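To keep things clear, I will list the structure first and then write my remarks on it.
All values derive from a computational prediction rather than experimental measurement. Quick note on labels: first sequence line is chain A, next is B, and so on, each numbered from 1.
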Number of protein chains: 2
Amino acid sequence: MVTIKDVAKLAGVSIATVSRVLNGYAHVRPEVREAVNKAIDSLGYRRNGLASSFRTQQSNIVGVLLRQQRTPFSSALAYAIETTMFDQSYRVLLCSTNGDADREEAYLETMLDMRVQGVIIRPSGTNARTVKQVKLLQERGISVAFVDMKPKIPAISSVVCDNFSGGYQGMRHLIELGHRKIGIVAGSVAQRGGSQDVGSERVRGIRQAAQDLATDVEIIFSPPFESASFDVGRETGAAMITGNPGMTAVFGTTDMLAIGVMHAAHSLGLELPRDLSILGYDGVLESAVTFPTLSTIAQPIHEMGQIAAMTLIDHMTSTSKSPRQVVLENTLIARASTIPLAD
Amino acid sequence: MVTIKDVAKLAGVSIATVSRVLNGYAHVRPEVREAVNKAIDSLGYRRNGLASSFRTQQSNIVGVLLRQQRTPFSSALAYAIETTMFDQSYRVLLCSTNGDADREEAYLETMLDMRVQGVIIRPSGTNARTVKQVKLLQERGISVAFVDMKPKIPAISSVVCDNFSGGYQGMRHLIELGHRKIGIVAGSVAQRGGSQDVGSERVRGIRQAAQDLATDVEIIFSPPFESASFDVGRETGAAMITGNPGMTAVFGTTDMLAIGVMHAAHSLGLELPRDLSILGYDGVLESAVTFPTLSTIAQPIHEMGQIAAMTLIDHMTSTSKSPRQVVLENTLIARASTIPLAD
DNA sequence: GCTTGTATTGAAAACGTTTACAAGATAGCG
DNA sequence: CGCTATCTTGTAAACGTTTTCAATACAAGC
């Protein structure tokens, strides 16, 4: 393996000078710089990344800690972060914890060991453990940014969507279409209202809209559940439809939930969207391929990832570590699954 | 930061002994080992991963090079690889090239720089560039495994499904249901028949089944296209349906293509599955949530990832580098979208 | 008791880079 | 021309670990 020494010898300079050229420092005579570059090319030298990382005690790697990876939302987010980081010449260590605490801890240790420069976290909830871990990271000088969750700890940057407004918009859409008896399929945490949670925000927005925009709106909540999956959507959807005859619309706080409801409706012989309007949340690719195509409150997922990445990079490179809270807007995509109430 | 020196001092031994304890070597007296471990605990020492990687010139990182990441198939595969690697205490550097050659090259350079121990590649095709890059990796002593593509170069391990058999099974399913005029939606490469490509294999299987199992089967190929997306499926599907009145079934060589066709059928007012049976390929999660649920030839995606990971680990750890070619079976999942031909 | 072998330990080198420091060269200025 | 400031370069230390080598201690065998 050809090292900096070989380059120095061939170019007739010291290794310090080669290093200076490599790192683009000033105070190198142009002709010397030239000679060094020629030597590098002719030897096919590549800097030993391990040595360099070791010496400086930092890698150009950032960790991305996701609680899940297989969901459309997560993988879109991961992709956005990864490509943005790549363009800024950072590399991404992807860590799917799958909700497993041990795994999360092991990954955080790996990140500390590897001296990652920063970490982007989509937390499962702002519990004590997460707080402790984040503190540990920050003590070690590692920048942290949250994505898709506003941190309770004020010292952390975050990128979230305005889920309250999203919920509000969705509800307004349904109310404006004339719906008055509306089912809400939302997870347990959301209904309990742990206020930092994105789901809770959505539900708050839904409640507020119902209160603001019409006096005669009836909201029917699904029984609480833990995971916002297709299967859950189908099961609770079926129960809601059979249990609430006059219900004309359902708002799922996740596209996958809404798609599950859609399925339940199909199975029960309802014709969509005539017999039931269905609204989702997320704007995941899959929402565009259902039948009928799903109206949804779309999140700018790619933008979220991009901004999270750029925010983290800011923190890592600038000396001022003042945290930044970014809030993005969700927008309604009205497709085929929501129609005016027939009177 | 507490180093091995501090531990040595506290335990009253040399750093060599501490290192021996850390790496679990023999020839350390139990009481000394004990003392070192106590010192480690009381100081909260953690090995400096950068220093250790530098010294040994290898990290516990493996690269995973994927041409795309946002597709359900890719992200499921990535997830399987990542979790398997995690359990074996390897970490994954995820690299989505998105088909961009520059990006791919940059990522490969990163991997060389980081001295990754191995690389798993899902290649876009066995072109000259890929071959060159793989050779470069192998020269540097980095193990390589392919996934979802059989390599032309015999020296590389690979994990693929038997796509010929999958195509055959799918076609048999449709023929057994009585269908005789069957549309095939397949990409351009597949139709041209570059034999290593998974799509081509599927088409070969389809052709063979048609020839073996019935004398009167009529196959209608879609016009060739490049990307196997939902949109392409919808467009070509619409054209096929309107252009071929007697056609009673469509086989898409990808679930997303098939879902696109499903959409086209809906838009054209067909009732599914009564008017048209549709069969997909991949067994992606999304195929279970369409309406009607999509019959498909399922790939054991998780298993593919797992086996690819284990195969790579084998190569990295054992001295015998004999390549291994693993072929897995696809299985038909008959759901609601394919029904017997009404006569 | 002497030799030989083995278990245990420490001293020190090495990995390839970055960087603090010093020294030499050059230019600017009076 | 001499002095100072700036530019350019090299020497050498340092980063924290692993690993080679030698040294010591101890036991076994005669």
How close or far is atom C1' of C/dG16 from atom NZ of A/K5, stated in whole angstroms?
8 Å
Thinking salt bridges, do A/D113 and B/R91 make one under a 4.0 Å N-O criterion?
no
Any side-chain N or O of A/N23 below 4.0 angstrom from OP1/OP2 of C/dT18?
yes
Return the nearest nucleotide to the side chain of B/V32; candidates are C/dG16, C/dT9, C/dC15.
C/dT9
In terms of side-chain heavy atoms of A/Y45, which of C/dC15, C/dT17, D/dT9 is nearest?
C/dT17
Name the nucleic acid region contacted by A/T3, choosing base, sugar-phosphate or nothing; use a 4.0 angstrom heavy-atom cut-off, strictly under.
sugar-phosphate
Length of the line joining A/E31:CD and C/dT26:C1', which is rounded to integer Å:
13 Å
Check whether any side-chain N or O of A/S96 sits under 3.5 Å from a backbone N or O of A/L66 as a donor-acceptor pair, and report yes or no.
no
A/Q306 and A/T84: side-chain donor and acceptor closer than 3.5 Å?
no
Is there a donor and acceptor pair, one atom on the side chain of B/R29 and one on the base of C/dA7, closer than 3.5 Å?
no
Taking atom P of C/dT17 as reference, at what distance in whole Å does atom CG of B/L50 sit?
14 Å
Is it the case that the side chain of A/E105 and the backbone of A/D102 share a donor-acceptor pair, with hydrogens and angles ignored and the cut-off at 3.5 Å?
no
Tell me the interatomic distance from B/R46, atom CZ, to D/dT17, atom P, rounded to whole angstroms.
12 Å
Rounded distance (Å) that lies between atom P of D/dT11 and atom NZ of A/K9:
13 Å
A/H27 has its side chain closest, among C/dT17, D/dC7, C/dT19, to D/dC7
How many Å lie between CD on B/Q58 and P on C/dG16, as a whole number?
15 Å
When you check the phosphate oxygens OP1 and OP2 of C/dG10, does a side-chain N or O of B/T17 lie under 4.0 Å from one of them?
yes
How long is the line joining CE of A/M114 and P of D/dG16, in whole Å?
18 Å
Can a donor-acceptor pair under 3.5 Å be found between the side-chain atoms of B/R20 and the base atoms of C/dG10?
yes
Side-chain atoms of A/V13 come closest, of D/dT18, C/dT9, D/dG10, to D/dG10
Nucleotide C/dT17, atom C1' - distance to CE of A/M1 in whole Å:
15 Å
Looking at every strand, decide which applies to A/S52 at a 4.0 Å heavy-atom threshold: base, sugar-phosphate, or nothing.
sugar-phosphate
Determine: side-chain N/O of B/R55 to OP1/OP2 of C/dG16, distance under 4.0 Å, yes or no.
no
Give a yes/no answer on whether the side chain of A/Y25 brings an N or O atom under 4.0 Å of OP1 or OP2 in C/dT19.
yes
Name the closest nucleotide to the B/N48 side chain, picking from C/dT18, D/dT11, D/dG16.
D/dG16
Between the side chains of B/R67 and B/D100, is the shortest nitrogen-to-carboxylate-oxygen separation below 4.0 Å, so that they form an ion pair?
no
A/S14 side-chain proximity, nearest of C/dT18, D/dG16, D/dT11
D/dT11
I want to check one thing: is the phosphate of C/dT18, taken as OP1 and OP2, less than 4.0 Å away from some side-chain N or O of A/S19?
yes
So B/F86 and A/Y107, would you call those rings parallel, tilted or perpendicular, with 30° and 60° as cut-offs?
tilted
Categorize B/I15 for me: base, sugar-phosphate, or nothing, with a 4.0 angstrom heavy-atom threshold over every strand shown.
base
